[in-house]
J.: 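Please find one structure pasted underneath; my questions will follow.
Start at 1 and go down the list; that is how both ligands and their atoms are numbered. These figures come from a predicted structure and were not determined experimentally.
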Amino acid sequence: MRLVTSPAEIQERALEYRARGLTVGLVPTMGWFHEGHLSLMRLARKKADRVIVSLFVNPIQFGPNEDLDSYPYDLERDRRLAEETGVDILFAPEKQVMYPSGFSSSVIVSGLSSRLCGSSRPGHFDGVTTVVAKLFHLTVPHLAVFGEKDFQQLAVIRKMVDDLDFPVEILGHPIVREESGLAMSSRNTYLKSSEMPAALSLSEGIREAVKRVNRPGAESIDARQVKELVSAIINAHRECEIDYVEVVDSISLENCTEITENSLLVLAVKINNRIRLIDNSILKGS
Ligand code: AMP
C-alpha cells in the first residue's frame, strides 16, 4: 500500500488507474479506523479494481466549539489497518494543501443540509460536501462508499452527486455495531465506562421501537408514539441530552407521521454535554 499526501500525486495516480482501464473505489474517512471503516473498505475492495481511502480530519466541517483539536489521530495505526484490509492507496493530506490560504469556494446542498444534524451543527454539511467534491476531483472514483450510520451525510451526498452530475456511484454500507449494540464510531473513544449505559440507550431505544412496530398482532403505533417511547428510554439516563429523536422518510428526510416501509428512526444525543452520538434504523421489518 502506498501513502500519498500530495493532491497532485493522488490525482495523477488515480487518472493513471483509469487510463489503464481499472475501476477506482473511494472511501472517505477521518481516520481512527474501526470495524465500520474497515467494512466500507472491504466493500470497495469487492466492487472496484483499486481502492483509495482518504484520511482527512476536515477542519471546515467542525463548528467552533466542537472536537476538531481532540479528534483521535494515529496515522501509523491506520496505515497498518488499511494495508491489512487490502487498500491500494491511503491519501492523507495536510490541511494546508487541501485549503491553502485564499481558498474561498464551497459546495452547498441547501434544504437537506439544514435539518436534523445541520440545525445543531450549522455549516457542517457544507464542509462535508465541499471536501467530498474535492476528493471526487482528486481521486476520480467510479464509486464511493459511505456508511449508513451518517444517514444525513449519505442523503446529502447522493443529492450533490445527482444535482451536480458527478459520474460517481454512491454505495451505502449498513451500520456496524459493537456486540453491545452501540454503533461503532471514532468518537466512542471519548466515552468513560461510567457513560456506557447512557451511550447504549440509543441502540436500546431503537431496538425497543423496532420490536414494538413489528410486534405481531399489536395495534399499530404512529411516529409520535415511537418518539415518545424512544425518548423515555434515553431520558432515563441523566447523562443524556436529546438533540433530536425523529421519524423521517429515508430519502427526503422529511418528518413522517405514519410509519411506512421507508420510515427511518433517527437519533442524536449528547452524553454529558461532551460526546455527541448519532444512530438510526429503518423501523419496519428490520
Ligand atoms: P468518519 O471517519 O467518522 O468520518 O467515517 C467515515 C465513513 O465511515 C463514513 O461514511 C461513515 O458513515 C462510515 N462509518 C463510520 N462509522 C460507521 C459504522 N459504525 N458503520 C458503518 N459505517 C460507518
Side-chain angles (χ1 to χ4, degrees), residues 25-47 51-63 66-68 70-75 77-79 81-82 85 87 90-93 95 98 116-117 121 124-136 139 141 143-161 168-191 199-200 202-203 206 250 253 264 266-269 275-282 286:
L26 171 70
V27 183
T29 80
M30 298 205 299
W32 197 253
F33 296 152
H34 50 67
E35 194 51 39
H37 295 116
L38 303 183
S39 307
L40 268 56
M41 295 177 205
R42 283 187 210 109
L43 177 60
R45 178 75 285 159
K46 250 191 245 156
K47 299 278 181 181
V51 177
I52 301 177
V53 171
S54 61
L55 191 174
F56 182 60
V57 184
N58 177 33
I60 66 168
Q61 71 185 66
F62 286 77
E66 294 184 354
D67 55 344
L68 174 62
S70 56
Y71 202 83
Y73 182 83
D74 183 341
L75 183 59
R77 170 186 178 276
D78 284 351
R79 186 180 179 159
L81 288 169
T85 313
V87 170
L90 182 64
F91 174 51
K95 295 184 178 68
M98 289 295 273
L116 300 166
C117 288
R121 305 183 70 190
H124 167 70
F125 289 111
D126 303 345
V128 170
T129 39
T130 299
V131 80
V132 170
K134 276 176 75 76
L135 290 169
F136 283 177
T139 63
L143 61 93
V145 186
F146 293 86
E148 290 172 0
K149 184 183 145 247
D150 296 271
F151 65 95
Q152 191 173 6
Q153 168 171 281
L154 183 55
V156 167
I157 284 164
R158 285 194 197 281
K159 187 80 172 83
M160 174 187 85
V161 162
V168 182
E169 184 189 357
I170 303 299
L171 303 179
H173 187 289
I175 299 179
V176 179
R177 298 179 180 279
E178 305 281 359
E179 235 169 82
S180 61
L182 182 67
M184 290 192 182
S185 164
S186 306
R187 290 191 165 99
N188 291 349
T189 70
Y190 302 147
L191 288 167
L200 283 172
L202 281 80
S203 53
I206 287 177
S250 61
L253 304 189
L264 187 69
V266 297
L267 322 176
V269 175
I275 312 157
R276 188 171 178 281
L277 300 178
I278 57 173
D279 204 341
N280 70 85
S281 174
I282 287 283
S286 57

J.: Is the backbone N or O of R77 less than 3.5 Å from a side-chain atom of D74, with the two atoms forming a donor-acceptor pair by type?
T.: yes
J.: Report the nearest protein non-hydrogen atom to atom 21 (C) of ligand 1: residue, atom name, distance rounded to 0.1 Å.
T.: P174 O, 3.5 Å
J.: Check ligand 1 against P28 and write out every atom of the ligand that is under 4.0 Å from a heavy-atom position of the residue.
T.: 6 (C), 7 (C)
J.: Atoms of ligand 1 less than 4.0 Å from L40 heavy atoms?
T.: 7 (C), 8 (O), 10 (O), 13 (C), 22 (N)
J.: Looking at M184, which atoms of ligand 1 are within less than 4.0 Å of one of its heavy atoms?
T.: 16 (N), 17 (C), 18 (C), 19 (N)
J.: Determine whether S186 and M30 make a side-chain contact, defined as any pair of heavy atoms from C-beta on separated by less than 4.5 Å.
T.: no
J.: Among all protein heavy atoms, pick out the one at the shortest distance from atom 10 (O) of ligand 1; state its residue, atom name and that distance to 0.1 Å.
T.: G147 N, 2.9 Å
J.: Starting from atom 20 (N) of ligand 1, which protein heavy atom do you reach first, and at what distance in Å?
T.: V176 N, 2.8 Å
J.: Show which atoms of ligand 1 fall inside a sub-4.0 Å distance from at least one heavy-atom site of Q153.
T.: 9 (C), 10 (O)
J.: Return yes when H34 approaches ligand 1 closer than 4.0 angstrom through a heavy atom, no otherwise.
T.: yes
J.: Just jot down the ligand 1 atoms closer than 4.0 angstrom to any heavy atom of I175, in number order.
T.: 20 (N), 21 (C)
J.: Hey, what do you get for CD1 (I157) to CD1 (I170), rounding to the nearest 0.5 Å?
T.: 6.5 Å
J.: OG1/T85 to NE2/H37 distance, rounded to the nearest 0.5 angstrom?
T.: 11.5 Å
J.: Going by the side-chain contact (heavy atoms from CB on, under 4.5 Å) test, name the single residue among L191, D67, T189 that passes it with I275.
T.: L191
J.: In Å, rounded to the nearest 0.5 Å, how long is the span from OG of S281 to CG of L202?
T.: 12.0 Å
J.: Any side-chain heavy-atom pair from Y71 and Y190 closer than 4.5 angstrom?
T.: yes
J.: Identify, for atom 4 (O) of ligand 1, the protein heavy atom at the shortest distance, and state residue, atom and that distance.
T.: M30 CG, 3.6 Å
J.: What are the atoms of ligand 1, with element, lying closer than 4.0 Å to any heavy atom of F146?
T.: 10 (O)
J.: Report yes if some heavy atom in the side chain of K47 is under 4.5 Å from a heavy atom in the side chain of E169; otherwise report no.
T.: no
J.: In terms of residue, atom name and distance, what is the protein heavy atom nearest to atom 5 (O) of ligand 1?
T.: H37 NE2, 3.5 Å
J.: Under the 3.5 angstrom rule, does the side chain of D279 hit a backbone N or O of L182 as a donor-acceptor pair?
T.: no
J.: Quick one: does S186 get an N or O within less than 3.5 Å of an N or O on ligand 1?
T.: no
J.: Which atoms of ligand 1 are found less than 4.0 Å from any heavy atom of D150?
T.: 11 (C), 12 (O)
